[in-house]
Visitor: 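Mind looking over this structure? Questions follow.
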Amino acid sequence: MTTTSAPRELAPRYDAAAVEPRIYQRWMESGAFTPAPTKPEGAERFVIIQPPPNVTGALHLGHALTAFVEDILIRYHRMRGDDTLWLPGVDHASIAAQFVLDRILAEEGESRQSLGRERYLERMWRFMDETRDFIGEQHRRLGASLDWTRMRFTMDEGSARAVRVAFKRLWDAGLAYRGEALVNWCPRCRTTISDLENIKAEEAGTLWTIRYHLARADGSPDPDAWITVATTRPETLFGDTAVAVHPDDERYASLVGREAVLPFIGRRLPIIADGHVEREFGTGAVKVTPAHDFDDYEIGRRHGLPMVNVFDEEARLTEEAGPFAGWDRYDARKGVVAALAESGDLEGERPHQMVIGRCDRCRTVVEPRLSVQWFIRTKPLAERAMASVRERRTRIMPAHFEKVYNHWMENIHDWAVGRQLWWGHRIPAWYCPDGHITVTDVEAGPDACDECGRPAAELRQETDIFDTWFSSGLWPFSTLGWPDRTPDLERFYPTSVMETGYDILFFWVARMMMLGLFCTDVEPFHTVYLHGIVRDPYGQKMSKTKGNVVDPLQVVEEIGADALRFALVSGTSPGSDQRLTQARLEGGRNFTNKLWNAARFVLSARPEPMVEPAGEPTLPERWIRSRLAEVTERATRDLDELDLAGYVGTVYDFAWSEYCDWFLEAAKIDLRRQDASPGERTRVWRSLAEVLAGVLRLLHPALPFVTEEIWATLHRVDPEVTRGEELLITAAWPAVGARDAAAEEAMERVISTTRELRNLRQELEIQPAEWRAVTIVAGSATADAVLREAEPYISDLSRSKLTINPPGTGIPEHAAGTALGFAVIEASDAERRYVVDRHERERTELTEQIERVRALLASEFATKAPPQVVQRERDRLAELEARLAGLDEKRAIPRSGYSSRATDRC
RNA sequence: GGGCGAUUGGCUCAGCUGGUUAGAGCGCACGGUUCACAUCCGUGAGGUCACUGGUUCGAAUCCAGUAUCGCCCACCA
């Protein structure tokens with residue numbers, strides 16, 4: 001670390017861009033991010049395994065939000081002395097990585113094909129080495145206190161082994177199998193994709209109606225008899241193996257059992273009845289293409305139809321398509337339609353809204369494709385995963401996502417885990433020439449075929465790799481050493497909170513639950529915290545194409561990571577989207593600035609010499625400490641309940657509206673009093689500094705940089721205030737102090753009174769700089785005592801030369817009511833007139849209010865509401881009546897004033 | 001076709017298990033050159049809590065329905 005001078009003051013302006021990296025460096029050097037070598041005695045576990053960002057990705061606001069939420073929780077628990085681990089990682093993201101590398105290869109004049117598997121993978125690893133640290137670097141800039149010594153990668157050795165072992169166990173348990181099924185195929189990525197990666201949306205299409213001529217006895221088409229089918233995909237016609245109608249559809253009843261002839265190639269198609277067909281749709285007759293449509297596949301299976309594959313892996317028509325063999329699917333569509341039109345068999349076409357699935361990665365229209373694939377049998381896994389949530393062993397926040405989770409789990413399909421890509425974990429299955437399958441978790445592969453004992457040399461490994469989410473699903477424990485029972489696994493598993501966007505609840509959270517329970521017999525985390533999407537100010541999703549993307553790092557450069565963190569976290573609510581506006585960002589920046597300046601004042605106000613504190617604490621001192629106690633309690637509770645916006649808001653309000661607005665101002669007055677002794681000054685300053693220290697501790701998880709920077713100076717200036725704790729990141733979370741209800745109540749009245757005086761001055765258009773004489777007649781003995789103690793504050797903060805009269809002193813007509821008694825302001829006749837009028841209005845209002853409460857108390861409310869609530873209303877009525885009595889009393893008194901009966905208005 | 005969520009001052013959002021006069025930030029109006037901060041300070045205006053009905057002594061809050069917006073799931077070619 002560079003040696004810097006050690007200033008005892010803070011710079012006039014907080015320069016986040018300069019301070020933040022320096023502070024981060026200090027944290028790194030302190031080792032604060034890494035858990036102690038052994039678990040501290042009695043410490044509770046708090047562990048978050050970071051959702052690994054894609055290795056190829058640039059940091060976006062979603063990552064930033066995740067990092068901030070997790071960092072706040074980790075810092076909080078670290079300060080509490082819990083056994084804390086936050087483990088970072090990156091995901092190898094098969095398809096996404098391939099996508100990016102393909103582009104790079106294209107620039108280099110190469111391609112996947114030109115390189116071949118081996119050289120391609122070498123190139124990929126080189127690419128990984130170049131980009132792997134990128135996202136971590138960005139997280140460091142955000143202030144994320146991740147334990148970088150435990151950095152993991154879903155393609156590292158540990159993950160690879162976990163993948164093999166998990167798959168072997170699934171295979172042995174009969175939960176992994178290989179079979180033929182219709183899967184989603186992306187013709188551009190040339191791989192299977194999961195249901196989740198197949199993004200469906202309404203699109204405009206065309207519905208064609210086509211005549212299929214009935215077959216005559218010799219199999220030739222009858223030119224005069226036909227059945228008209230409706231289709232949106234004429235090009236799949238070559239894969240038709242039947243025509244289906246509804247069993248109860250009388251229009252076609254006579255045709256069921258006959259055959260139609262497929263145009264172009266003359267295949268004979270049985271006309272079958274199937275309940276799945278909608279009579280109302282199209283013509284009520286549908287061509288059945290089992291190899292290229294999920295519905296038709298089911299029909300085909302029910303009726304034992306042949307399944308004819310007409311597309312190759314790039315969705316070009318195969319030899320099955322006769323004259324159209326080799327055509328692209330969309331060219332073929334046009335060609336088929338044109339040919340049918342020419343032959344007169346195209347009956348009609350009309351525009352049609354339909355749902356089209358596109359590849360999540362490349363937006364290419366997904367093609368259902370019949371192929372032999374590896375599957376995970378998910379039903380039994382899903383059962384357990386649902387039970388965990390139902391029985392509260394894992395809690396989902398917000399709770400309503402439980403329904404979404406259950407619904408998905410209940411309707412889950414088997415998971416097609418194979419991908420026809422190169423970059424990823426290769427499925428550890430070997431085939432022998434006799435068709436036997438051997439699955440092993442041994443990296444080198446099996447010695448021999450499990451079934452027939454053929455030697456390894458004759459076995460051939462599966463070329464498919466796993467869906468990226470398979471290794472991601474093992475993440476919470478593969479990162480801790482599983483399948484070995486490592487000390488880390490023992491100490492840190494299961495983890496505490498899984499924080500991620502609700503948009504990957506199924507992709508990832510659901511799979512971690514299923515695989516976690518299967519592999520480790522325990523839920524991988526206790527709480528799933530789902531955050532929403534960060535949108536632009538108009539509620540639009542951010543996207544590169546819209547050009548409305550906010551780059552977190554740019555924001556950090558401009559206003560600092562703390563400010564961004566404040567903006568994002570104060571707007572977050574689990575499960576809900578938020579809009580990020582300039583105003584919110586400025587709010588964050590302003591708050592760091594406010595803190596900085598408050599601290600700057602505190603540091604500069606330190607009296608010299610510092611001596612033994614002396615004297616009793618003032619009302620503001622007692623008040624602020626009591627308030628800090630309450631805020632500490634609330635902030636702690638908010639954090640325990642994962643209400644982060646609540647936590648930030650609580651401390652923000654306290655710091656700004658109570659500490660800065662009132663206590664700081666009150667303390668200034670005490671520190672500047674001529675008659676204050678050094679001991680008293682020391683005491684007041686200590687209160688100032690200690691409460692500031694309390695605020696810094698409370699705020700550190702939310703605004704780690706600015707609080708740490710202020711802390712450093714505070715510690716240098718007065719280590720007693722920081723209790724000798726040099727670094728805030730490892731300082732103790734504050735304990736809840738004692739409350740002082742009397743002080744809180746009294747100070748509240750002092751504040752109200754001050755406000756009322758300011759308000760009155762403004763209404764009377766008194767110049768802000770002008771000091772006026774004000775006499776306050778205390779409303780009660782208590783108020784009298786409070787007034788005498790608070791006189792300097794009320795005076796100074798309202799620019800009043802204050803005189804305090806005891807209760808019962810005469811109250812002139814132009815006195816104004818305040819929380820502590822009547823205030824008589826030195827005034828001109830016009831001003832007096834104004835105050836008198838003002839009080840007429842007040843009197844009317846008061847009378848109305850009293851009427852309302854009386855009516856309420858006369859109603860059933862009095863007998864049916866809980867006694868406590870009724871009592872509150874009674875108390876309120878008494879206070880209103882007392883105030884009214886005070887007003888009346890005042891009016892009864894001649895202007896000269898004289899003593900009268902005391903009334904307790906306080 | 002199912003399901004979920006939202007609807008609170010001009011804008012963005014808080015309002016827990018129903019309980020006084022519904023809060024905040026931004027914006028707006030007025031005022032502020034003193035020793036933390038104009039990235040600030042002070043004062044103020046502004047809300048039939050989407051609508052209809054119900055439960056209740058009492059509803060922004062609970063229930064039912066309606067409307068609008070958004071999202072998720074789904075096998076009408």
Side-chain angles (χ1 to χ4, degrees), chain A residues 10 12-14 195 200 207-208 229-233 236 244 276-289 293-299 352 354-355 368 398 400-401 403-404 407-408 411 502-503 505-506 532-533 537 539 559 563 570-571 573 575-584 586-605 641 643 645-646 649 652-653 657 660-661 664-665 668 672 755 758-763 765-769 797-798 845 849 852-853 856 859-866 868-870 872-873 875-877:
Chain A
L10 298 173
R13 286 189 106 77
Y14 176 60
D195 291 342
K200 291 166 192 143
L207 186 69
W208 285 275
V229 299
T231 182
T232 55
R233 300 210 55 196
T236 63
H276 174 76
V277 177
E278 291 282 335
R279 273 174 283 182
E280 310 307 319
F281 189 88
T283 61
V286 57
K287 65 190 215 44
V288 182
T289 323
D293 183 282
F294 286 93
D295 295 333
D296 293 3
Y297 180 71
E298 291 303 320
I299 295 177
H352 177 62
M354 52 196 281
V355 175
H400 71 253
F401 270 97
K403 282 188 194 165
V404 182
H407 182 258
W408 189 77
N411 296 293
Y502 64 68
D503 48 339
L505 178 65
F506 306 140
I533 293 166
I559 61 174
S570 64
S573 172
S576 305
D577 295 350
Q578 64 166 314
R579 298 177 190 205
L580 184 66
T581 60
Q582 192 60 32
R584 226 188 233 303
E586 278 168 16
R589 182 200 54 178
N590 294 355
F591 185 43
T592 55
N593 179 256
K594 185 73 179 177
L595 264 187
W596 183 259
N597 281 297
R600 211 155 63 86
F601 167 75
V602 171
L603 286 163
S604 69
E641 290 170 1
D643 178 1
Y652 171 90
D653 286 343
S657 309
C660 289
D661 285 355
L664 221 60
E665 296 305 324
K668 276 181 196 171
R672 285 167 193 165
R755 287 210 166 115
R758 285 170 175 170
N759 173 347
L760 191 61
R761 286 169 57 95
Q762 178 126 345
E763 284 183 42
E765 293 177 350
I766 294 169
Q767 291 303 305
L797 299 176
S798 68
E845 255 173 51
Q849 273 184 46
R852 244 181 288 139
V853 182
L856 181 66
S859 71
E860 281 183 287
F861 171 80
T863 52
K864 296 203 172 170
Q868 268 187 320
V869 177
V870 177
R872 262 211 311 265
E873 289 306 306
D875 293 347
R876 184 164 162 251
L877 180 63

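Here is how names work: the chains are called A, B, and so on, in the same order as the sequence lines, proteins then strands, and each is numbered from 1.
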Visitor: Taking only residues two or more places apart in sequence, or in another chain, which ones meet Phe294(A) in a ring pair (Phe, Tyr, Trp, His ring centres under 6.0 Å)?
Guide: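 Partners of Phe294(A) under the ring pair (Phe, Tyr, Trp, His ring centres under 6.0 Å) test: none.
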Visitor: Please evaluate residues Leu207(A) and Thr232(A) with respect to the criterion side-chain contact (heavy atoms from CB on, under 4.5 Å), reporting the C-alpha separation (whole Å), side-chain torsions for both, the decisive distance (0.1 Å), and the verdict.
Guide: CA-CA 5 Å; Leu207(A) 186 69; Thr232(A) 55; 3.7 Å; yes
Visitor: Which distance, rounded to the nearest 0.5 Å, do you find between the SG of Cys660(A) and the CG of Leu595(A)?
Guide: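 Separation between the atoms: 7.0 Å.
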Visitor: How far, in whole Å, is G3(B) from U66(B) if one measures between their P atoms?
Guide: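 It comes out at 12 Å once rounded to the nearest Å.
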Visitor: Using the C1' atom on both, measure G19(B) against C71(B) and round to a whole Å.
Guide: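 Between the two C1' atoms, the distance is 35 Å.
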Visitor: What's touching nucleotides 24-33 of chain B from the protein side, N or O pairs under 3.5 Å?
Guide:
unit_1, atom_1, unit_2, atom_2, d
C30(B), O2, Gln762(A), NE2, 3.2

Visitor: For Arg852(A), what residues pass the salt bridge (Lys or Arg N to Asp or Glu O under 4.0 Å) criterion, not counting sequence neighbours?
Guide: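 Result, salt bridge (Lys or Arg N to Asp or Glu O under 4.0 Å) vs Arg852(A): none returned.
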Visitor: If you measure from the C1' atom in C28(B) to the same atom in G9(B), how many Å do you get, rounded?
Guide: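 12 Å, rounded to whole Å.
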Visitor: Quick one: list whatever passes ring pair (Phe, Tyr, Trp, His ring centres under 6.0 Å) with Trp596(A), sequence neighbours left out.
Guide: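 With sequence neighbours excluded, Trp596(A) shows a ring pair (Phe, Tyr, Trp, His ring centres under 6.0 Å) to Tyr14(A), given in chain and number order.
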Visitor: Could I get the full list of salt bridge (Lys or Arg N to Asp or Glu O under 4.0 Å) partners for Arg233(A), not counting sequence neighbours?
Guide: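 With neighbours one apart ignored, the set is Glu235(A), Glu367(A).
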Visitor: How far does the C1' atom of A22(B) sit from the matching atom of G2(B), given to the nearest Å?
Guide: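 After rounding to an integer number of Å, I get 36 Å for this pair.
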Visitor: Would you measure the distance from the C1' atom in C41(B) across to the matching atom in U7(B) and give it in whole Å?
Guide: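 Straight-line distance between the two C1' atoms is 36 Å.
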Visitor: Just how far is it from atom CZ of Arg584(A) to atom CZ of Arg579(A), taken to the nearest 0.5 Å?
Guide: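 Here the rounded value is 11.0 Å.
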Visitor: Which residues satisfy the salt bridge (Lys or Arg N to Asp or Glu O under 4.0 Å) test with Asp577(A), sequence neighbours excluded?
Guide: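 Residues passing salt bridge (Lys or Arg N to Asp or Glu O under 4.0 Å) with Asp577(A): Arg535(A).
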Visitor: Between which residue ranges does RNA chain B form stems of three or more consecutive Watson-Crick or G-U wobble pairs, both distances under 3.5 Å?
Guide: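 B:1-7 with B:67-73, B:10-13 with B:23-26, B:28-32 with B:40-44, B:50-54 with B:62-66 - these are the stems of 3 or more pairs that involve RNA chain B.
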Visitor: List the atom of Pro537(A), the atom of Thr581(A), and the distance in Å for their closest heavy-atom pair.
Guide: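 Pro537(A) and Thr581(A) have their closest heavy atoms at CB-CG2, 4.0 Å.
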Visitor: Has the side chain of Arg876(A) got a donor or acceptor atom sitting under 3.5 Å from an opposite partner on the base of U20(B)?
Guide: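 Per atom types, the contact qualifies.
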Visitor: Let me spell it out: for each of Tyr14(A) and Asp661(A), pick the nucleotide of RNA chain B with the closest heavy atom. Which residue's pick is nearer the 5' end?
Guide: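 The 5'-side residue here is Tyr14(A).
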Visitor: From Gln762(A) CD over to Asn759(A) CG, what is the distance, rounded to the nearest 0.5 angstrom?
Guide: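 Here the rounded value is 7.5 Å.
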Visitor: Looking only at heavy atoms, what is the nearest atom pair of Val288(A) and Ile299(A), with distance?
Guide: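 Scanning both residues completely, I find the closest heavy atoms to be CG1-CG2, 4.1 Å.
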Visitor: Select from Arg852(A) and Arg758(A) the residue whose nearest nucleotide in RNA chain B is closer to the 5' end of that strand.
Guide: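 Final value for this comparison: Arg852(A).
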Visitor: Atom OG1 in Thr236(A), atom CG in Asp293(A): separation rounded to 0.5 Å?
Guide: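 Output value for this atom pair is 7.5 Å.
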Visitor: Scan nucleotides 71-77 of chain B nucleotide by nucleotide, 5' to 3', and note B when protein non-hydrogen atoms come under 4.0 Å of the base, S if they reach only the sugar-phosphate, - if neither.
Guide: --S-BBB
Visitor: Between Asp503(A) (CG) and G5(B) (C1'), how many Å, whole number?
Guide: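 So the two atoms are 15 Å apart, to the nearest Å.
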Visitor: Write out a two-atom table: protein N or O, nucleotide N or O from nucleotides 56-64 of chain B, distance below 3.5 Å.
Guide:
unit_1, atom_1, unit_2, atom_2, d
C57(B), OP1, Lys864(A), NZ, 2.7

Visitor: Working to the nearest 0.5 angstrom, can you tell me the gap between Arg13(A) CZ and Asn597(A) CG?
Guide: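 Between atom CZ of Arg13(A) and atom CG of Asn597(A) there are 8.0 Å.
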Visitor: As an exercise, state the distance from CZ of Phe281(A) to NE2 of His352(A), rounded to the nearest 0.5 Å.
Guide: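 Spacing of CZ (Phe281(A)) from NE2 (His352(A)) equals 3.5 Å.
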Visitor: Lys864(A): which residues meet the salt bridge (Lys or Arg N to Asp or Glu O under 4.0 Å) condition with it, sequence neighbours left out?
Guide: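 Partners of Lys864(A) under the salt bridge (Lys or Arg N to Asp or Glu O under 4.0 Å) test: Glu860(A).
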Visitor: Look at all strands and tell whether Ile559(A) reaches a base, only sugar-phosphate, or nothing, counting heavy atoms closer than 4.0 Å.
Guide: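 The answer is nothing, as Ile559(A) stays clear of every strand by at least 4.0 Å.
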Visitor: Can you tell me whether the side chain of Arg755(A) and the base of U43(B) have a donor-acceptor pair closer than 3.5 Å?
Guide: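 When only heavy-atom distances are counted, Arg755(A) does not reach the base of U43(B) through any donor-acceptor pair under 3.5 Å.
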Visitor: With a distance cut-off below 6.0 Å to the six-membered ring centre and an angular limit of 45° from the axis, does Lys594(A) pair with Tyr652(A) as a cation-pi contact?
Guide: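 Geometry flag: not set, cation outside 6.0 Å or 45°.
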Visitor: In whole angstrom, give me the gap between the P atoms of U56(B) and C73(B).
Guide: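 Each nucleotide's P atom is 42 Å from the other's.
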Visitor: Quiz question: going by heavy-atom distance under 3.5 Å, is there a donor-acceptor pair between the base of C4(B) and the side chain of Lys403(A)?
Guide: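 Checked by distance alone, the answer is no.
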Visitor: Write down the distance separating the C1' atoms in G27(B) and G18(B), rounded off to the nearest Å.
Guide: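 Nearest-Å result for G27(B) against G18(B) at atom C1': 33 Å.
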Visitor: Can you build the contact string for nucleotides 8-14 of chain B? Use B for base contact, S for sugar-phosphate-only contact, and - for no protein heavy atom under 4.0 Å.
Guide: ----SS-
Visitor: Taking atom C1' in both U20(B) and A67(B), compute the distance separating them and give it to the nearest angstrom.
Guide: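 My reading of the C1' atoms in U20(B) and A67(B) gives 33 Å.
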Visitor: Quick one: list whatever passes ring pair (Phe, Tyr, Trp, His ring centres under 6.0 Å) with His400(A), sequence neighbours left out.
Guide: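 Once residues adjacent in sequence are excluded, His400(A) has no partner under the ring pair (Phe, Tyr, Trp, His ring centres under 6.0 Å) criterion.
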